[in-house]
Amino acid sequence: MGTALVYHEDMTATRLLWDDPECEIERPERLTAALDRLRQRGLEQRCLRLSAREASEEELGLVHRLEEVTGWPLPPRIPAPAGDPASPACPSACSPEYVSLVRETQVLGKEELQALSGQFDAIYFHPSTFHCARLAAGAGLQLVDAVLTGAVQNGLALVRPPGHHSQRAAANGFCVFNNVAIAAAHAKQKYGLHRILVVDWDVHHGQGIQYLFEDDPSVLYFSWHRYEHGRFWPFLRESDADAVGRGQGLGFTVNLPWNQVGMGNADYVAAFLHLLLPLAFEFDPELVLVSAGFDSAIGDPEGQMQATPECFAHLTQLLQVLAGGRVCAVLEGGYHLESLAESVCMTVQTLLGDPAPPLSGPMVPCQSALESIQSARAAQAPHWKSLQLQDVTPVPLSPSTHSPEGRPPPLLPGGPVCKAAASAPSSLLDQPCLCPAPSVRTAVALTAPDITLVLPPDVIQQEGSALREETEAWARPHESLAREEALTALGKLLHLLDGMLDGQVNSGIAATPASAAAATLDVAVRRALSHGAQRLLCVALGQLDRPPDLAHDGRSLWLNIRGKEAAALSMFHVSTPLPVMTSGFLSCILGLMLPLAYGFQPDLVLVALGPGHGLQGPQAALLAAVLRGLAGGRVLALLEEDSTPQLAGILARVLNGEAPPSLGPSSVASPEDVQALMYLRGQLEPQWKMLQCHPHLVA
Ligand code: Q9C
Ligand code: ZN
């Protein structure tokens, strides 16, 4: 359906006209650096380019209006310049309304601009500020209109000045009008939306958005931010985890304060899996707005964090499973031009449907991050059913069943792993992430090509098959593969798998007769491990057993979601009951499968829907959409022939980058599902640190 890129060159006009070390980082090159890189990568050309329009004063008034009864501060006034009290250029003679105050800055001279700027915290005005700030707000409105009218699926607005610190009647932290808050108010007013999720991944607390919606249950505001126990700007008590909204809006403000710098990929992904996403699925938004600041990325002088640009591809991809993929990202901060440009590219590339590059670095969240996640979960628990599962005490597996290292072996060269920034921003400059793009994004290998299957034009229906002799050799140990139709299916599967292992095909779907599902999966696992996969994640749903002689050497992780008991036979062989149609399914995905998968860092994913898997289309689609975040999107889905007509189409579209349909509200998980999950997490947490959502107690 497409991705919009909203921009206007005029937004490069506003700039700092005097010396101010605090404000000088917010400069025009931020936009040009991001846009130049998007062009270089050919990403801008793939988007629907929209030229930003100015928001009208009425639209600004959705947020920046004075009310009769108000607790909000009046705009600061500056003393009238001596000798000319009636000058229209004098802000003190203006109407008291904030929008008028900003409008009047257009005609001020440098001295007056500087004096007015001094009335606010971390703000500069320029004669072009009013025009730029109206374009910035207008860009957000255009983006929301494009998505909600169905012209595009999602998009990014590249804007200056940023917005999330701006308040009803105050500029703050480089922000003049609150672009994202105006977009949210507009979506409510013009389209009658009832549930909007705002995800603020900028490294600063968007206190402006929090204040504007703190009593409004129709806007769920999530922000993580550098906090350092209140010692980081903007130094607000209400940025802490225990600020959860008020009145009707209790539980609809979610703050995740980072109390140390250096948070990285594992910390950000853990925050999404264990805090944001459970709440977001329970909220079931109709639209996702992202306050997309990239000062939370590595190299940024403000944030001092360590997350690499690829992390923003993962954050974006995880948000795309919500709201039917209606995601509108609006630029906020981001002051390291190189890091900003790369991170913007990662975001746009993911909005366009490209698979996220694998994350680099050890996927182990730090203690401080876990403390923050735990305290935010505790503060939110009274308001959200999905958090009311008890947190568990880890029970380690017996020492014989887990690897001595506790970490998977490193990938050998040749896998689809991007060279990404290790720790220093300089390596980011040297080695931009360039994954070789497979020529085919998604291929479908059905036994009898199905002409009724409606597929996007770029999804290939594979005709080819592996050599007959080779197929027979792989089939020989398995009785169930003796039949002609099973052999035909296997030949096609092997051909597809080879295409993926060679890097020609990114993802695929293969069908198999139900009676041969387990044997076909067994062959696929062995073939993958002997033909180049270094770490294979296998997610088997339904009655599919792990090949009994598969080594527990850390090269494969077997997760069986199948309906029998919960068991962790080793850290690489996990089995759990199959909770379907309840929030138990989501907890299983977010609280077990994805933490294991992100911790394992596979270079290939096999997902098999076997006999009795019981998944409906939307659940299967969600499963495929999140597994796409692993292994650079190298995901092979195995289906039973019978289920093919129902599932193949939706899986092919999701693996190809389309958003899964939203699940809608789900009923509460059964006590058995909750028990199973708690048990497994307790067993596996010592080995798989991504499962943790609380710090280890020090004895
Ligand atoms: N070193 C945005 O990112 N200065 N605004 C903080 C601490 C103000 C940030 C000083 C930072 C404002 C949109
Ligand atoms: Zn920021």
Side-chain angles (χ1 to χ4, degrees), residues 11 14-16 19-31 33-34 117-126 129 132-133 136-137 139-140 156-167 170-183 198-212 221-236 239 255-263 268 289-307 311-312 315 329-337 339-340 343-344 347:
M11 285 184 286
T14 183
R15 63 190 170 88
L16 181 63
D19 254 9
D20 181 348
E22 189 178 26
C23 290
E24 68 191 10
I25 56 176
E26 204 296 288
R27 51 202 187 96
E29 292 76 18
R30 296 179 57 235
L31 286 189
S117 302
Q119 303 293 308
F120 298 94
D121 185 5
I123 274 293
Y124 66 84
F125 287 104
H126 179 273
T129 292
C132 293
L156 172 72
L158 277 182
V159 304
R160 295 178 61 240
H164 70 155
H165 298 303
S166 158
Q167 294 148 47
N172 181 278
F174 317 151
C175 301
V176 176
F177 298 133
N178 200 314
N179 309 319
V180 165
I182 293 167
V198 176
V199 177
D200 189 339
W201 73 41
D202 185 283
V203 86
H204 300 97
H205 183 212
Q207 85 278 35
I209 303 181
Q210 174 169 314
Y211 297 156
L212 288 162
Y221 176 65
F222 170 89
S223 173
W224 63 33
H225 33 269
R226 180 173 171 187
Y227 187 59
E228 297 175 295
H229 302 284
R231 287 186 286 271
F232 189 71
W233 189 90
F235 314 105
L236 300 171
S239 305
N255 283 325
L256 178 56
W258 299 126
N259 287 316
Q260 284 178 10
V261 297
M263 297 300 161
Y268 285 7
L289 301 178
V290 184
S291 267
F294 298 98
D295 41 15
S296 46
I298 187 165
D300 192 279
E302 277 288 307
Q304 308 276 319
M305 298 300 178
Q306 292 282 338
C311 195
F312 294 93
L315 303 182
V330 180
L331 182 67
E332 300 280 2
Y335 308 102
H336 185 287
L337 297 185
S339 184
L340 168 68
S343 303
V344 165
T347 303

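For the numbers below, each heavy atom of this structure counts, side chains included, while hydrogens, waters and symmetry mates do not. Along the sequence shown, residues carry numbers from 1. Atoms within each ligand, like the ligands themselves, are counted from 1 in listed order. Since we're looking at a predicted model, the values are computed, not measured.
- For atom 1 (N) of ligand 1, the closest non-hydrogen atom on the protein side is Glu302 OE2, 3.3 Å.
- Between Leu289 and the choices Val180, Val330, Asp200, Val199, the side chain to side chain contact (heavy atoms under 4.5 Å, CB included) rule is met once, by Val180.
- Under a 3.5 Å cut-off, the side chain of Tyr221 and the backbone N or O of Gly206 do form a donor-acceptor pair.
- Contact annotation: Glu26 has no heavy atom less than 4.0 Å from any atom of ligand 1.
- Nearest protein heavy-atom contact of atom 4 (N) of ligand 1 is Glu22 OE2, 2.9 Å.
- Residue, atom and distance of the protein heavy atom nearest to atom 13 (C) of ligand 1 are Tyr335 OH, 3.4 Å.
- Proximity to Gly173 (heavy-atom distance under 4.0 Å) selects the following atoms of ligand 1: 2 (C), 5 (N), 9 (C), 12 (C), 13 (C).
- Residues meeting the ring pair (Phe, Tyr, Trp, His ring centres under 6.0 Å) test with Phe312, sequence neighbours left out: Trp201, Phe294.
- Only one option out of Phe120, Tyr124, Tyr335 pairs with Phe174 in a ring pair (Phe, Tyr, Trp, His ring centres under 6.0 Å); it is Tyr335.
- Under a 3.5 Å cut-off, the side chain of Asp202 and the backbone N or O of Glu332 do not form any donor-acceptor pair.
- Every atom of ligand 1 is numbered from 1 in the order shown, and the set under 4.0 Å from a heavy atom of Ala122 is 8 (C).
- Under a 3.5 Å cut-off, the side chain of Thr14 and the backbone N or O of His126 do not form any donor-acceptor pair.
- Applying the 4.0 Å criterion to heavy atoms of Pro162 picks out, from ligand 1, the atoms 13 (C).
- Side-chain N or O atoms of Asn179 include none that pairs as donor or acceptor with a backbone N or O of Gly140 at under 3.5 Å.
- Less than 4.0 angstrom separates some heavy atom of Trp233 from each of these atoms of ligand 1: 6 (C), 8 (C), 11 (C), 12 (C).
- Put simply, the side chain of His336 never gets that close to the backbone of Glu302: no donor and acceptor are under 3.5 Å apart.
- Taking a cut-off of 2.8 Å, the protein N, O or S atoms nearer than that to the Zn ion (ligand 2) are Asp202 OD1, Asp202 OD2, His204 ND1, Asp295 OD2.
- Although no hydrogens or angles enter the test, the distance criterion places a donor-acceptor pair under 3.5 Å between the side chain of Ser166 and the main chain of Val176.
- Note: Trp233 and His165 have perpendicular aromatic rings, judged against thresholds of 30 and 60 degrees for the angle between ring planes.
- Asn178 approaches Leu212 most closely through the heavy-atom pair ND2-CD1, 3.9 Å.
- Near His164, the atoms of ligand 1 lying under 4.0 angstrom from a non-hydrogen atom of the residue are 13 (C).
- In terms of polar-atom proximity, Asp295 is counted as a contact of ligand 1, with an N or O under 3.5 Å from an N or O of the ligand.
- Close approach to Asp202 involves these atoms of ligand 1, each under 4.0 Å from a residue heavy atom: 3 (O).
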